[in-house]
Amino acid sequence: MVKNSARYLEIQEERKKLPVWVHKDEFLQALKENQKVILVGDTGSGKTTQIPQFVLEAVVNENPNPGGTARLVGCTQPRRVAAMSAARRVSEEMDTVIDEEVGCTVRFDDCSSSRTVLKYLTDGMLLREALVDPLLSKYKAIILDEAHERSIATDLLFSILEKALTSRPALKLVVMSSTRYAHELRHYFSGHNVPLIKVPGRLHPVEIVYTRDPVTDYLEAAVRKVIQIHMCEPPGDVLVFLTGEEEIEDACSRIFHKLGDQVKVVPLYSFLPPAMQQRVFDPTPHPVRKIVVSTNIAETSLPIDGIVYVVDPGFSMQKYYNPQTRLDSLVVSPISMASADQRARRACTTGPGLIPAVPEMLRANLVNTVLALKRLGVKDVLSLNFMDPPSQKTLVRALTDLFDLGAMDDEGNLTEIGEMMSLEV
Ligand SMILES: Nc1ncnc2c1ncn2[C@@H]1O[C@H](COP(=O)(O)OP(=O)(O)OP(=O)(O)O)[C@@H](O)[C@H]1O
C-alpha cells in the first residue's frame with residue numbers, strides 16, 4: 001500500500017473517528033508526566049489498535065536513538081487470537097507487513113524481527129520474557145491490555161513489573177481495561193498518583209428479547225433463532241455465542257444447510273488457524289448476511305463491526321481446578337449477568353467490558369504460577385500481595401505438587417529440574 005494510496009488514506013480517516021482520538025493529547029500529556037497511566041474505555045473505542053501507536057509515537061519515534069537496548073513498545077493480550085488480529089490490523093494501519101515494524105509473539109509462533117518496534121504478545125509470553133529478563137530491558141513501554149479479563153498472567157505481571165519500573169524510571173506502563181473495571185484499578189493503584197483517562201464509547205441502545213419458555217436443546221434453539229432473524233428481520237450481521245469447537249461447527253453446518261448462500265457463516269474459536277479467524281472481519285456483499293458463530297472469545301477481545309443481532313443461549317466453557325481431586329475439568333456453565341450484558345453489547349460493537357465472575361487466579365491450578373514466582377525469587381508465595389489472593393489450599397497443593405515432582409527442595413527453592421520446568425511455564 002502506498003502511503004498516500006486511497007486505501008491508506010481511508011484507513012487513516014477510519015482511525016480518527018475512533019473515540020480514543022479525542023483523548024490523544026490528554027493521554028500523551030499524562031504519559032509524558034507519569035510513569036504509569038490507566039486508560040479505561042468501552043469496547044470498540046480503539047484502545048487495542050490506537051493506544052499502542054500513540055505510545056510508539058511518544059516514546060520511540062520522538063527519541064529514535066536513545067542508546068541502550070530498549071527499543072520496543074509491547075502490548076499484551078490475554079488471548080492469542082486477539083494478539084494476532086490486533087497486530088495484523090495495526091500493521092495494515094501503519095502500512096507495513098507483519099514482523100517488520102509491527103510484530104506479534106504468541107506461543108509457538110513469533111512474527112517479530114530486529115526491526116520490530118511495536119509488538120503485540122500474549123500476557124503469557126511477556127511473563128516468560130520477564131522470567132528470563134525481570135527488568136524487561138528490551139522494552140521502552142509496556143501496555144497491559146484487557147486487564148479486566150483477570151487472566152493469571154496479567155494479574156502476575158502487575159506485581160512483577162513493579163521491580164522493573166522501580167529500577168528503570170524511563171520505562172512506561174499503560175494499563176487498559178473496560179470502563180467497568182476502573183474502580184478496581186483505581187483501588188489497586190491508590191496512593192501512587194496514577195492518572196486515569198476515561199474514553200466513552202459510541203453507545204447505541206440495545207433491545208434484549210428473552211425466549212418465552214426455557215428450551216431443552218439450546219443449540220437447536222439458537223440455530224432456529226438465527227434462521228428466524230434472517231427470514232424476518234432487517235439487514236445486519238448476527239453473532240451467536242456457543243461453548244466450543246464441536247458445537248460451533250455443528251451449528252455452522254446446520255445454518256448453512258438451511259440458508260445456503262443467502263448467508264456467510266463464519267466460525268470463531270481459538271484453535272482455528274489465524275487466517276480463518278480473520279474471516280470474521282471480511283465484509284459480505286449485499287444482501288448476504290454474515291453469521292459469526294463464536295465461543296466467548298468474541299465477548300471481549302474482538303470488536304466485529306456490523307453486528308446488529310446477538311443470539312446468546314447463556315453458556316460458556318470454563319476450566320476449573322479441584323485441589324481435592326487435583327484435576328482440571330472443563331465445565332459448561334451458565335454465564336454471569338455481567339457476561340450476558342457484555343455479550344448483548346456486542347451488537348453495534350459498543351458497551352462496557354466484561355468483569356468475569358471469577359478471576360482465573362481463583363479457579364485454576366496454580367502449579368505454573370508458583371513455578372514462575374519461585375523463578376523470580378519470591379520466597380513466601382503464601383503471603384504475596386495478589387490482586388485477589390487465591391485460596392491457601394490451592395497454593396499449598398501447588399507447592400506440594402512441585403515438591404513431589406522434585407521441582408522444589410524442602411527449603412522451598414527450585415531444584416535444577418524446577419528451573420528447567422519454569423522456563424516451560
Ligand atoms: N482485525 C481487524 N480488522 C478490521 N478492523 C479492525 C480489526 N481490529 C479492530 N478493527 C477496527 O478497529 C476498531 C477498534 O478496535 P479496538 O480493538 O482498538 O477497540 P478496543 O477499544 O480495544 O475494544 P476491546 O476492548 O473490545 O478490545 C474496531 O471497532 C474495528 O472497526
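Counting convention: from 1, in listed order, for ligands and their atoms alike.
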Which pairs would a plain distance check flag for residues 219-226, meaning a side-chain donor or acceptor within less than 3.5 Å of a matching protein atom at least two apart in sequence or in another chain?
{"from": "Glu220", "atom 1": "OE1", "to": "Arg254", "atom 2": "NH1", "distance (Å)": "2.4"}
{"from": "Lys225", "atom 1": "NZ", "to": "Gln228", "atom 2": "OE1", "distance (Å)": "3.0"}

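Side-chain contact annotation: Thr122 with Gln77, donor-acceptor N/O pair under 3.5 Å absent. Side-chain N/O atoms of Gln53 and Glu57 include no donor and acceptor closer than 3.5 Å.
Taking every non-hydrogen atom of Asp42 and a distance limit under 4.0 Å, the qualifying atoms of ligand 1 come out as 21 (O). Taking every heavy atom of Asp305 and a limit of under 4.0 angstrom, the matching atoms of ligand 1 come to 28 (C), 29 (O), 30 (C), 31 (O). The distance from ligand 1 to the heavy atoms of Ser85 drops below 4.0 Å at these ligand atoms: 1 (N).
Evaluated by nearest non-hydrogen atom to atom 19 (O) of ligand 1, the leading choice among Ser177, Ala86, Gly46 is Gly46.
Only side-chain heavy atoms of Arg89 come within less than 4.0 Å of ligand 1; its backbone N, CA, C and O stay farther off. With a 4.0 Å cut-off on non-hydrogen atoms, Glu146 touches ligand 1 through its side chain and not its backbone. Here Gln278 has side-chain heavy atoms under 4.0 Å from ligand 1, and that is the only part of it that gets that close. Proximity of Asp145 to ligand 1, defined as any heavy-atom pair under 4.0 Å, is not found for any part of the residue.
Rounded to the nearest 0.5 angstrom, Tyr181 OH and His187 NE2 are separated by 10.0 Å. For the atom pair NZ (Lys24) and CG (Leu18), the distance works out to 12.5 Å, reported to the nearest 0.5 Å.
Using the six-membered ring where Trp is involved, Phe27 and Phe54 have ring planes that are tilted, between 30° and 60° apart.
Side-chain contact between Tyr321 and Ser329: absent, with no pair of heavy atoms (C-beta onward) separated by less than 4.5 Å.
Considering backbone and side-chain N/O of Leu18, none are found under 3.5 Å from N/O of ligand 1.
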